[in-house]
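Since the structure comes first, as structure tokens, the remarks are kept for the end.
When reading the values below, keep in mind they use all heavy atoms of this one structure, side chains included, and skip hydrogens, waters and symmetry mates. Counting starts at 1 for both ligands and their atoms, following the listed order. Throughout, residue positions are numbered sequentially from 1 according to the sequence presented.
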Amino acid sequence: MGNRRLSKRQPDPPTLEEFQARKDKKSNKKKEKVKKQTLVQEGSDKKKAKRQSPIEESSEKKKSKKHKKSKLNEEDSIVKDQKAREEKELPEVDLEELSKAKKSLFDEDEDDEQDEDEQLQDEFDVEQEYDYDDDEEADARQMFSDEEGDDFDLEELNASNMESLSKKLDEQEAQEAEEAEKELLEGEKLQPRVDVLRTEEEEQVLAQQPPDLTAVRTRMIEIVKVLDDFKNLAAEGKSRTDYLDRLLKDICQYFGYSPFLAEKLFDLFSPAEALEFFEANEISRPITIRTNTLRTRRRDLAQALVNRGVNLQPIGPWTKVGLQIFDSQVPIGATPEYLAGNYILQAASSFLPVIALDPQENERILDMAAAPGGKTTYISALMKNTGCVFANDANKARTKSLVANIHRLGCTNTIVCNYDAREFPKVIGGFDRILLDAPCSGTGVIGKDQSVKVSRTEKDFMQIPHLQKQLLLSAIDSVDSHSKTGGIIVYSTCSVAVEEDEQVVDYALRKRPNVKLVETGLAIGKEGFASYRGKNFHPSLKLTRRYYPHTYNVDGFFVAKFQKIGPSPHDDNQNSAREKEAAARREVEEEGIIHSDFAKFDDDEDEKYIQKSQKNSLLKKGVNPKAVKHGK
Ligand SMILES: C[S@@+](CC[C@H](N)C(=O)[O-])C[C@H]1O[C@@H](n2cnc3c(N)ncnc32)[C@H](O)[C@@H]1O
């Protein structure tokens, strides 16, 4: 490269005498002009020959010949003569040399550094500009003239005018640069803006036709691009809302969400990330299993399953017990290892709250909403079957699967109970740790249950959080703040809705100043929101963790970990769940959190259960219910 550069180095400029002597040789100006053109054309042909494909080369030659022919017709004899001389004179012709010389005079710094390839490119551009009809010929001459020194005649170059010509050239260059910049800016202004929004009429026409989902998808991607760089890409007269409305409609049509839920979920992310989230919900998460360390080790389990034709690998560095199944020649829920309780089919996200809970041996732990027992059995395993785990669930039918799993996995430190968890701590309190894996809307598990896309309504996002708040307060009140090893409450949901996550936790922090949020200790997860859509939560909400299918390939999940730092004023609250609910309702109404259209409970149906429970309670106390007056 260095050598090639050297060979391309500009020669020194000729002296004025040399130049004058050479000038004398050229008696006929007209002949010289033709000669210049011929030289340029030939030079151009030579250079093109170096770079062009054979096809291009021959077509260029044809053009060149044609061009030359027309000129030669005009000045045939002169040119013939000239051409013959040219062959001999070429080394002596100083025009090119002079051109280079002039160039070197004005571009001193540039040339040594200029890459040969760049030079070739520049030359090629000149050739491209050089064309054949008359007007363009003038342009071509202009181009040539640019190389040679523009609108001054070469013959007029002398020591006295060199400085002024140099200045002129500088000015011209500056003007050209300015014009180029202007052109560029105008070009940018004129660049067509992405116009993906249709007019109302177009929409109406399209509404009559079957939906073109490919087009919808393309438009979603285009709109996301526009929203990402709205200033530069939005079509004139269109607002951000125009694009957002269209995008949300497209999301509903393409992915099949109700407009209400689509918007709720969309609001959690940037438009681009929202699209990723919706896409990820179209597929279920990988099948994962948890090794039951009460029975086996992960390595042994993996080996046994591999021997049965299961293709698997560890889930990730954050869990020592999880395995991801890629494919299997046997049903994973019916292998001898499964029946022996060596593992449980469990979503990876379900490991997270138990890891955060960090159960210790010999503790007293409550799993408030435990069925079907994936987390209870993990807690039990981490405690190595020591201490005691109270596995509670309000749904009696579901406690069957809870009991079955507890038996299959060999958890012997567990007590199953069936209470409305709002009854705690009246039922029993003073736990070292409590896990509240709360009932939720399931917006994190749409990949598993597509019905969520259309079944969830606004009412759900008022009712469910209301229950979650009550349960969380009960959990807090049921933990022993003086526990030597714990005093921990973990709240989790498989929902990504802020109403069920940060808003519930924030409510609990305000209602129970005797708890604080602490680090979850989880190696993965995004920070919870400390503020959301203009609503500020306690800054410590950042310690909570969010999980999304598109970021960790796990179900959408939320985990918060509290430490109880003082006794609850409500610890000795003997009120029934119903009374607690009424108290909680009063509290939230005072705060204006729950709207007045909050769903009513079915009082008649509740009355039956109340009477039944009162009857049982009296029987337990050895009192004949019939002997007690109704209403007392
Ligand atoms: C997300 S599931 C729990 C899953 C369980 N932790 C596991 O890992 O297998 C929520 C559970 O809460 C129960 N539940 C709903 N309301 C309840 C209440 N008031 N008290 C106790 N449990 C309740 C439901 O029956 C359901 O089994």
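Between the side chain of Asn392 and the backbone N or O of Met368 there is at least one donor-acceptor pair closer than 3.5 Å.
Thr544 and Asp501 form no side-chain donor-acceptor contact under 3.5 Å, judged by distance and modelled atom types alone. No side-chain donor-acceptor contact under 3.5 Å links Gln360 and Thr485. Judged purely by distance below 3.5 Å, without hydrogens or angles, the side chains of Thr399 and Asp393 never pair a donor atom with an acceptor atom. Looking at Glu500 and Gln468, their side chains do bring a donor and an acceptor atom within 3.5 Å of each other. Side-chain contact check for Ser350 and Lys375: at least one donor-acceptor pair (N or O, by modelled atom type) lies under 3.5 Å.
For Val445, the side-chain contact (heavy atoms from CB on, under 4.5 Å) criterion is met by Lys448, Cys494, Asp555, not counting sequence neighbours.
The neighbour count for Glu361 CD, taken as heavy atoms of other residues, nucleotides or ligands under 6.0 Å away, is above 12. Enclosure of atom CD1 in Ile287 is not indicated, since only 12 or fewer non-hydrogen atoms of other residues, nucleotides or ligands lie within 6.0 angstrom.
In summary, the atoms of ligand 1 found under 4.0 Å from a heavy atom of Tyr419, numbered by their order in the structure, are 20 (N), 21 (C). For ligand 1, the atoms closer than 4.0 angstrom to any heavy atom of Asn395 are 25 (O). Interface of Met368 with ligand 1, defined as ligand atoms under 4.0 Å from a residue heavy atom, comprises 21 (C), 22 (N).
Nearest protein heavy-atom contact of atom 25 (O) of ligand 1 is Asp393 OD1, 2.6 Å. With hydrogens left out, the protein atom closest to atom 20 (N) of ligand 1 is Ala421 N, 2.9 Å, a heavy atom. Given atom 12 (O) of ligand 1, the protein heavy atom at minimum distance is Ala369 CB, 3.2 Å. What sits closest to atom 14 (N) of ligand 1 on the protein, heavy atoms only, is Pro439 CG, 4.1 Å. At the shortest separation from atom 17 (C) of ligand 1 among protein heavy atoms lies Ala394 CB, 3.6 Å.
The part of Ala370 lying near ligand 1 is the backbone, judged by heavy-atom distances below 4.0 Å.
Between Arg398 and ligand 1, a contact under 3.5 Å exists for at least one N or O pair. Between Lys375 and ligand 1, at least one pair of N/O atoms sits closer than 3.5 Å. Polar contact with ligand 1: absent for Asp367 (N/O pair, distance under 3.5 Å). Polar contact with ligand 1: present for Pro372 (N/O pair, distance under 3.5 Å). Distances between N or O atoms of Leu471 and those of ligand 1 include no value under 3.5 Å.
Taking all heavy atoms of Gly374, Ala438, Ala371, Gly442 into account, the minimum distance to atom 5 (C) of ligand 1 is reached by Ala371. When the heavy-atom distances from atom 6 (N) of ligand 1 to Asp437, Leu435, Asp420 are ranked, the shortest goes to Asp437.
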May I have the list of side-chain donor-acceptor pairs in residues 339-346 shorter than 3.5 Å, sequence neighbours left out?
unit_1: Tyr343; atom_1: OH; unit_2: Ile332; atom_2: O; d: 2.4
unit_1: Tyr343; atom_1: OH; unit_2: Thr335; atom_2: OG1; d: 2.7
unit_1: Gln346; atom_1: OE1; unit_2: Arg290; atom_2: NE; d: 2.6
unit_1: Gln346; atom_1: NE2; unit_2: Gly374; atom_2: O; d: 3.1

